[in-house]
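See structure below.
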Amino acid sequence: MAQDIINPKDTTCIIQLNAVMEEIKTDVGFIKDSGLFAEHLTPRDAIIEQIKKQDKRGMLGFTGRRERNKVKNTKRKEVQFALQIPYQEQIDEITKEDIYQVAKSWDDATEENIMDLYADKLTVQREVIDNSHEFLCWTAAQGKTLNPEDGSVVLDMFAITDTTRPQVSLDLTDPTLDVLAWMGTFRNRVMRDNKRSNSSGTIEIFVTDLVFGKIVGHNSVRTAYQMAYEGRGREYLDKVTNGFGTTRRGEYGIVSEFEHGGVRFIVAPQTFILENAEDITEEYAAVEEGKGFAVVRGIRDSYKMMYGQNNSLTDPTLAKVYAHRTAIVADAYFEITASSAPMAYTTVPELCYEFTFKTK
């Protein structure tokens, strides 16, 4: 029977390492750990979601006290979908050669030595899993959740909700363009397109370094960006505009950004290596050059990350990640298995704007 963490030198039993796995911090999670996605644990093996395409609350008319009239909540169009939660699993080993890195022999190894080996193996496994989760969130935020194995579509929220992805084009070579005014206009568009509520939080637009440089170097923005960079932001704020920044540590760590009127441009230098990539030089860019995408914060239940159960018969606890060590195999090694059952998606594909920037 599976057991909680016990003597790591006991070679006759399976050892559950879930608690150890949960404690490992990898700092992988540009968007996953930013608070955008609400995380949920579920004992089910499938997601069953009901989405109200227009979830703004209607109003309630008057009625007579004596009539006791009652009405139902305003009806809204709904869509439903079900999806089997995918599963991820990877395996590693602790061998005689690993033991010899920390002790002269198995008999000389201490419990602490073995636990250190666990931590080394599990840290690498946790990094791989966290990268996969980050990729799921990154792609889900754009409306289509992709498979970290090969980049294929796992869940297409545009198809499910019968929504066409909104497109936005911006010519950054146009000297007459007022970027600050455009940012205000775009925020107003998002407010109109938002069918879930009458307000929203910050609108974040992820772009590449090249596009960001063109934005902050534009004639209509250069002065505001320079003043912020020089630490004279309050002076410019009081006299000309409001709400901007340059480089700061925020939801995504240290990033280059520019904000005005609740719209924030953010450099997204993320790259991913798909599982079936032939070598590590085959990188999947989080944002293509000349492109960008937006997420809208502050809308209830708009971005979700679900975690299902593991495959254990004896320890079906709920967690984001799982790990266990087998009993000794063939008197030669332990197997360490790490797994997760994740799925990320958005319920607001109508707000998953795709940007095309003209830079030359």
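On a predicted model such as this, the values are computed, not experimentally measured, just so you know.
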Please tabulate, one pair per line, all N/O donor-acceptor pairs under 3.5 Å involving side-chain atoms of residues 353-360, not counting sequence neighbours.
from, atom 1, to, atom 2, distance (Å)
Tyr353, OH, Asp193, OD2, 2.8
Glu354, OE1, Gln167, NE2, 2.9
Thr356, OG1, Lys291, NZ, 3.0

Donor-acceptor pairs are to be reported for all side-chain atoms of residues 328-339 against protein atoms at under 3.5 Å, with residues two or more places apart or in another chain.
from, atom 1, to, atom 2, distance (Å)
Ser339, OG, Tyr87, OH, 3.1

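Among residues two or more places apart in sequence or in another chain, the side-chain contact (heavy atoms from CB on, under 4.5 Å) test is passed with Ser152 by Asn147, Asp150. For Tyr284, the ring-ring contact (aromatic ring centres under 6.0 Å, His included) partners at least two apart in sequence or on another chain are Phe135. For Ala285, the side-chain contact (heavy atoms from CB on, under 4.5 Å) test picks out no residue, with sequence neighbours left out. Arg325 meets the salt bridge (charged side-chain N to carboxylate O under 4.0 Å, His left out) test with no other residue; sequence neighbours excluded. Applying the side-chain contact (heavy atoms from CB on, under 4.5 Å) criterion to Asp45, with sequence neighbours excluded, gives Gln84. Taking Lys320 as the reference, Glu39 meet the salt bridge (charged side-chain N to carboxylate O under 4.0 Å, His left out) condition, with sequence neighbours excluded. Legend: residues meeting ring-ring contact (aromatic ring centres under 6.0 Å, His included) with Phe206, ordered by chain and number and at least two apart, are Trp138, Tyr252, Phe293. Annotation: side-chain contact (heavy atoms from CB on, under 4.5 Å) contacts of Ile160 (sequence neighbours excluded): Phe81, Leu155, Met157.
The stretch residues 167-180 participates, sequence neighbours left out, in no salt bridge (Lys or Arg N to Asp or Glu O under 4.0 Å) pair at all. Each salt bridge (Lys or Arg N to Asp or Glu O under 4.0 Å) pair with one or both residues in residues 302-314, not counting sequence neighbours, appears once here: Glu49-Lys304.
Using a cutoff of 4.0 Å between basic side-chain nitrogens and carboxylate oxygens, Glu204 and Arg264 are scored as salt-bridged.
In this structure, Tyr345 and Leu136 have side chains that are not in contact, with every pair of non-hydrogen atoms separated by 4.5 Å or more.
Separation of atoms CG (Asp92) and NZ (Lys121) is listed at 4.0 Å; rounding is to 0.5 Å.
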TODO: Could you check Ile215 against Leu172 for side-chain contact (heavy atoms from CB on, under 4.5 Å), going step by step and ending with a plain yes or no?
DONE: CA-CA 7 Å; Ile215 291 171; Leu172 297 176; 3.8 Å; yes

